[in-house]
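Comments concern the structure below.
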Amino acid sequence: TGDNSKTNVKKNHIKTSMKFFRPKTLKLKRNPKYCKKVKANLKKKKQFQTIYFPLTTESALKEIQAGNTLVFVVNTRSNKNLIKNSVKKLYKVKIKKINTLIGLNGKKKAFVKLTSDYDALDVANKIGFI
């Protein structure tokens, strides 16, 4: 009879406090898909990392002919000043204005309007996509 009292019988514990403690769960380290901040080592050849390629669709060609505007696909993390400086360095043109948009496919387009001193058709011919 004395052995029965020492057996492992789990008794129901009556909780008397109103506090609830969440159970400890597995806490994993963060593993981001891309870095949130631009790293400092992007100083070298920044213009090649911001501008990917010029867009050559029909609507982009209309913009070149009618609006004196070049259209580029650019890095989604780059801002207008970075795009402006990159285009200046790569193509040696003066820029009047830049409009940007991020499309439904997640790619960023930059509409670069050139000053009246430069013709977008000539620049496009120099680049080699017309």
Side-chain angles (χ1 to χ4, degrees):
T1 57
D3 292 334
N4 288 345
S5 63
K6 292 182 181 179
T7 56
N8 292 334
V9 177
K10 188 173 181 183
K11 294 182 180 180
N12 290 340
H13 181 69
I14 300 171
K15 297 196 179 220
T16 55
S17 69
M18 292 297 291
K19 252 187 183 175
F20 174 74
F21 294 99
R22 295 187 75 195
K24 300 279 191 257
T25 58
L26 180 65
K27 292 179 183 174
L28 297 173
K29 280 191 168 182
R30 291 186 178 190
N31 187 15
K33 301 296 179 209
Y34 66 95
C35 59
K36 297 278 185 187
K37 293 181 182 177
V38 178
K39 293 182 181 175
N41 63 359
L42 294 179
K43 290 179 183 175
K44 291 185 201 172
K45 299 185 181 177
K46 217 184 277 186
Q47 65 266 21
F48 297 113
Q49 293 174 344
T50 54
I51 295 177
Y52 292 147
F53 54 89
L55 207 62
T56 57
T57 58
E58 281 186 42
S59 59
L61 293 175
K62 280 182 190 173
E63 286 285 328
I64 290 171
Q65 291 169 353
N68 200 28
T69 303
L70 295 170
V71 184
F72 296 100
V73 175
V74 295
N75 187 352
T76 52
R77 307 288 297 168
S78 58
N79 56 15
K80 290 183 181 182
N81 285 332
L82 203 59
I83 295 167
K84 187 176 184 177
N85 293 334
S86 309
V87 172
K88 273 185 187 177
K89 281 182 185 176
L90 286 174
Y91 306 116
K92 296 170 183 68
V93 292
K94 288 185 181 175
I95 296 161
K96 184 177 182 182
K97 179 181 171 181
I98 292 182
N99 290 332
T100 58
L101 69 88
I102 298 177
L104 294 174
N105 57 0
K107 294 183 180 175
K108 189 174 197 175
K109 287 185 201 173
F111 295 88
V112 180
K113 188 165 180 71
L114 304 178
T115 57
S116 57
D117 304 341
Y118 297 93
D119 187 32
L121 267 173
D122 294 338
V123 176
N125 284 331
K126 192 170 94 175
I127 294 169
F129 69 88
I130 288 185

Separation between [atom1] of [X] and [atom2] of [Y], rounded to the nearest 0.5 Å:
{"X": "Lys94", "Y": "Lys92", "atom1": "NZ", "atom2": "NZ", "answer": "14.5 Å"}
{"X": "Lys97", "Y": "Leu114", "atom1": "NZ", "atom2": "CG", "answer": "13.0 Å"}
{"X": "Lys84", "Y": "Asn79", "atom1": "NZ", "atom2": "CG", "answer": "11.5 Å"}
{"X": "Asn68", "Y": "Thr115", "atom1": "CG", "atom2": "OG1", "answer": "7.5 Å"}
{"X": "Gln49", "Y": "Ser86", "atom1": "CD", "atom2": "OG", "answer": "9.5 Å"}
{"X": "Asn85", "Y": "Leu90", "atom1": "CG", "atom2": "CG", "answer": "11.0 Å"}

Next item on the list: Quickly, which of Ile95, Val93, Val112 forms a side chain to side chain contact (heavy atoms under 4.5 Å, CB included) with Lys88? Name it, please.
Entry: Ile95
Next item on the list: Give me the one residue out of Leu55, Ile51, Thr56 that meets side chain to side chain contact (heavy atoms under 4.5 Å, CB included) with Phe53.
Entry: Leu55
Check: Does any non-hydrogen side-chain atom of Thr100 lie less than 4.5 Å from one of Ile83?
Finding: yes
Notebook entry, point to check: If we only count heavy atoms from C-beta on, is the Val74 to Thr50 side-chain gap below 4.5 Å?
Noted result: no
Check: Any link between Ile64 and Val73 through a network of hydrophobic side chains (Ile, Leu, Val, Met, Phe, Trp, Tyr) touching at under 4.5 Å?
Finding: no
Notebook entry, point to check: Do Leu82 and Tyr52 sit in the same hydrophobic cluster, where Ile, Leu, Val, Met, Phe, Trp and Tyr count as joined when their side-chain heavy atoms come under 4.5 Å apart?
Noted result: no
Note to self: With a 6.0 Å cut-off (strictly less than), is the heavy-atom count around NZ of Lys126, excluding the residue itself, greater than 12?
What the structure shows: yes
Check: Any donor and acceptor pair, going by atom type alone, linking the side chain of Lys113 with main-chain N or O of Gly67 inside 3.5 Å?
Finding: yes
Margin query: Treating Lys109 as the side-chain partner and Val71 as the backbone partner, does any N or O pair qualify as donor plus acceptor under 3.5 Å?
Written below: no
Notebook entry, point to check: Considering all heavy atoms of both residues, which atom of Asn75 and which atom of Lys108 are nearest to each other, and what is their separation?
Noted result: O-CD, 3.6 Å
Next item on the list: Only counting residues at least two apart or in another chain, list the ones meeting ring pair (Phe, Tyr, Trp, His ring centres under 6.0 Å) with Phe111.
Entry: none
